[in-house]
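Quick note: numbers below take in every heavy atom, side chains included, and nothing from hydrogens, waters or symmetry partners.
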Amino acid sequence: MIKGIVEWREDVTDGIDQPDVSGVDKHCDEKNSDREPIRVAQIVGKMLGGGVEAVVMNYYRHIDRSKVQFDFLVDEDSTRVPEDEITALGGRIFRIPPYQHPIRYRRELIRLMREQRWPIVHSNINTLSVFPLSAAKRVGVPVRIAHSHSTMGKGEFAKNAMKLVLRPFANVYPTVRFACSRYAGKWLFGKNADFTVIPNAIELDKFRFNAETRKQTRKELGIPDDTFLIGHVGRFMPQKNQAFLVDVLVGLLPKRPDAMLAFVGDGPDRTAVQQHVEELGIADHVLFLGQRSDVNRLYQAFDVFCLPSLYEGLGIVAVEAQVAGLPCLLSDVVPSEADVTASSYFLQITDAKPWIETLSNLHSSKRSDQISGDIEEYDIQRCANSLVKKYESFICK
């Protein structure tokens with residue numbers, strides 16, 4: 001990959017096309033009832049059923065698609081592309097070479113961008129955005145958005161090395177900068193950079209606590225009423241640090257033999273975590289629920305939510321859990337912006353003892369669907385309407 005970056009740096013010295021602003025009026029004429037929606041090319045990398053692509057899809061479901069339409073540019077080795085839904089909503093899917101082959105990747109992007117003439121390219125792949133946005137600049141796309149969704153942390157040497165090589169280019173190619181949090185924006189663009197926070201918004205009512213849903217979901221999972229259920233939602237990968245939670249559970253069980261741990265998600269590290277559970281002899285206390293489409297219901301069944309990540313751009317699952325009325329234990333590298341109810345615990349991940357102690361002292365409290373805090377800023381309909389206005393403002397000046 002690093003070799004490919006060097007080749008890409010040589011390749012970007014090509015001449016630059018002039019921006020193609022012809023036909024912009026067809027998107028912007030307020031008097032024309034038949035005006036075409038603005039087509040936005042969404043660069044999402046690999047669609048694997050979660051993470052950033054889930055955020056983009058959530059916005060797509062709620063935007064006014066008579067004004068803005070999304071086209072998805074996805075790596076051809078993606079495993080979970082919701083093709084039927086995207087097509088039904090009016091979007092299109094373009095499969096491109098994976099970004100691990102940066103020259104092929106960029107050249108196919110150039111070809112597509114010249115062919116499709118998108119007025120806006122919105123890249124959601126963090127430091128890797130230099131590849132599609134350099135292609136967009138080469139072609140003359142007038143609006144080029146870099147969107148920071150993450151940061152970096154310990155334990156991923158090769159990935160971190162690549163991020164550090166690419167980060168200096170973060171401000172070279174975009175005309176607009178977005179971030180999921182202030183922390184993620186400052187990390188990618190710089191402390192004094194001009195960027196806009198676009199929340200990883202959710203359907204608030206979908207996640208609010210419901211006592212009947214809790215009862216039904218625990219019954220489906222086979223969880224007795226008196227079991228203390230610790231929940232985690234995330235892709236099984238080094239960043240999410242799930243093995244740490246297994247170690248926490250081992251230390252917790254002597255204090256709380258009623259405790260169980262439920263993992264929601266899938267990914268390359270799942271097998272290793274399952275083996276770790278087996279080796280420690282606690283398989284009876286751990287549930288692996290896999291990739292689920294009913295995560296909102298599962299939050300209802302939990303008694304506490306834990307996110308021991310090595311790094312996060314925001315940690316939207318923590319926001320979802322708080323909307324569901326759950327106390328949250330978060331690693332101290334999760335941005336403070338994720339604590340929307342001012343009731344989360346931020347703990348270091350160098351030692352399991354504080355996690356064990358905090359969990360051992362937590363007691364099930366009466367939950368409510370009325371949550372205090374700044375949760376309205378994460379309302380997806382409100383945020384989607386705001387994003388549409390931003391897109392329109394970029395090209396309808």
Side-chain angles (χ1 to χ4, degrees), residues 50 54-55 58 180-181 199-234 240 245 248-249 252 256 258-265 287 289 292-309 312 314-332 334-347 354-383:
V55 172
N58 205 22
C180 66
S181 68
N200 291 353
I202 60 175
E203 295 178 64
L204 297 179
D205 289 341
K206 182 178 177 180
F207 290 91
R208 291 186 195 275
F209 178 68
N210 182 286
E212 185 59 31
T213 301
R214 173 181 171 84
K215 181 179 178 180
Q216 293 174 357
T217 306
R218 285 177 78 101
K219 183 177 180 180
E220 292 167 9
L221 296 174
I223 304 296
D225 291 341
D226 58 354
T227 295
F228 182 67
L229 186 59
I230 304 163
H232 170 83
V233 178
K240 300 300 181 180
L245 278 186
V248 168
L249 181 63
L252 178 65
R256 296 200 68 158
D258 63 327
M260 288 192 68
L261 172 59
F263 287 117
V264 182
L287 296 175
L289 301 178
R292 301 282 292 244
S293 59
D294 61 345
V295 177
N296 58 304
R297 297 181 72 248
L298 296 175
Y299 284 120
Q300 313 298 317
F302 301 158
D303 293 297
V304 61
F305 180 79
C306 291
L307 186 66
S309 301
E312 287 286 351
L314 175 67
I316 189 59
V317 288
V319 176
E320 294 173 348
Q322 289 168 77
V323 174
L326 287 169
C328 292
L329 274 63
L330 314 175
S331 73
D332 60 355
V334 174
S336 59
E337 294 158 79
D339 183 21
V340 294
T341 59
S343 60
S344 298
Y345 302 85
F346 288 88
L347 304 173
W355 294 72
I356 295 167
E357 196 64 31
T358 304
L359 288 169
S360 66
N361 291 324
L362 277 179
H363 300 284
S364 296
S365 58
K366 188 175 181 180
R367 287 159 68 181
S368 170
D369 60 356
Q370 299 299 314
I371 305 299
S372 61
D374 298 327
I375 65 170
E376 294 303 322
E377 67 179 282
Y378 289 94
D379 177 66
I380 184 61
Q381 195 57 65
R382 171 177 156 180
C383 292

Novice: Report the distance from atom CG of Leu326 to atom CZ of Phe302, rounding to the nearest 0.5 Å.
Specialist: 8.0 Å
Novice: So which atom in Tyr378 and which in Asn200 form the shortest heavy-atom distance, rounded to 0.1 Å?
Specialist: CD2-O, 3.9 Å
Novice: Provide the closest heavy-atom pair for Gln300 versus Phe209 in the form atom of the first, atom of the second, distance.
Specialist: OE1-CA, 3.0 Å
Novice: Could you state the interatomic distance from CG (Asp294) to OH (Tyr299), rounded to the nearest 0.5 Å?
Specialist: 11.5 Å
Novice: About how many Å separate SG of Cys306 and OH of Tyr345, when rounded to the nearest 0.5 Å?
Specialist: 11.0 Å
Novice: Is there a side chain to side chain contact (heavy atoms under 4.5 Å, CB included) between Val317 and Val295? Walk through the geometry before answering.
Specialist: CA-CA 10 Å; Val317 288; Val295 177; over 6 Å; no
Novice: Side-chain contact test, heavy atoms from C-beta onward, threshold under 4.5 Å: evaluate it for Phe305 versus Val233 and give yes or no.
Specialist: yes
Novice: Does any part of the side chain of Asp226, heavy atoms only, come nearer than 4.5 Å to the side chain of Asp258, both counted from C-beta?
Specialist: no
Novice: Scan for salt bridge (charged side-chain N to carboxylate O under 4.0 Å, His left out) pairs involving residues 319-331, sequence neighbours excluded, and state none if there are none.
Specialist: none
Novice: Go through the steps for Val323 and Val340 under the test side chain to side chain contact (heavy atoms under 4.5 Å, CB included), then give the verdict.
Specialist: CA-CA 9 Å; Val323 174; Val340 294; 5.5 Å; no
Novice: Any side-chain to backbone donor/acceptor pair from Thr213 onto Arg297? Under 3.5 Å, distance only.
Specialist: no
Novice: Would you say the side-chain atoms of Asp379 pair up with the backbone N or O of Leu204, donor to acceptor, closer than 3.5 Å?
Specialist: no
Novice: Are the side chains of Leu307 and Ser331 in contact, using a 4.5 Å heavy-atom criterion?
Specialist: no
Novice: Please confirm whether the backbone N or O of Leu229 pairs with a side-chain atom of Asp303, one donor and one acceptor, at under 3.5 Å?
Specialist: yes
Novice: So do Thr217 and Leu298 actually touch side chain to side chain, heavy atoms under 4.5 Å?
Specialist: yes
Novice: When rounded to the nearest 0.5 angstrom, what distance separates OG1 in Thr358 from CG in Leu347?
Specialist: 4.5 Å
Novice: Are Thr227 and Arg218 packed together at the side-chain level, in the sense that at least one heavy-atom pair is separated by less than 4.5 angstrom?
Specialist: yes
Novice: Students often mix this up, so state it plainly: with edges at 30° and 60°, are the rings of Phe263 and His232 parallel, tilted or perpendicular?
Specialist: perpendicular
Novice: Would you name the heavy atoms of Ala338 and Val319 that are closest together and state the gap between them?
Specialist: O-CG2, 3.9 Å
Novice: To the nearest 0.5 Å, what is the distance between CG on Leu359 and CD1 on Ile230?
Specialist: 5.0 Å
Novice: Is there a donor-acceptor contact under 3.5 Å linking the side chains of Gln322 and Thr341?
Specialist: yes
Novice: Measure the spacing between CG of Asn210 and CG of Asp205 and express it to the nearest 0.5 Å.
Specialist: 11.5 Å
Novice: Taking the side chain from Asp339 and the backbone from Ser343, do they hold a donor-acceptor pair closer than 3.5 Å?
Specialist: yes
Novice: Is a donor on one side and an acceptor on the other found under 3.5 Å between the side chain of Gln216 and the backbone of Ala211?
Specialist: no
Novice: Looking only at non-hydrogen atoms, find the nearest pair between Leu252 and Ile356 and report the distance.
Specialist: CD1-O, 3.8 Å
Novice: Check whether any side-chain heavy atom of Leu261 sits under 4.5 Å from a side-chain heavy atom of Val248, and report yes or no.
Specialist: no
Novice: For the backbone of Phe228 and the side chain of Arg256, can you confirm whether one donor and one acceptor N or O come within less than 3.5 Å of each other?
Specialist: no
Novice: So, do Glu203 and Arg208 sit near enough that their side-chain heavy atoms are less than 4.5 Å apart?
Specialist: no
Novice: Hey, is the main chain of Glu357 close enough, under 3.5 Å, to the side chain of Asn361 for a donor-acceptor pair?
Specialist: yes
Novice: Closest approach of Ala201 and Asn58, non-hydrogen atoms and distance?
Specialist: O-ND2, 2.9 Å
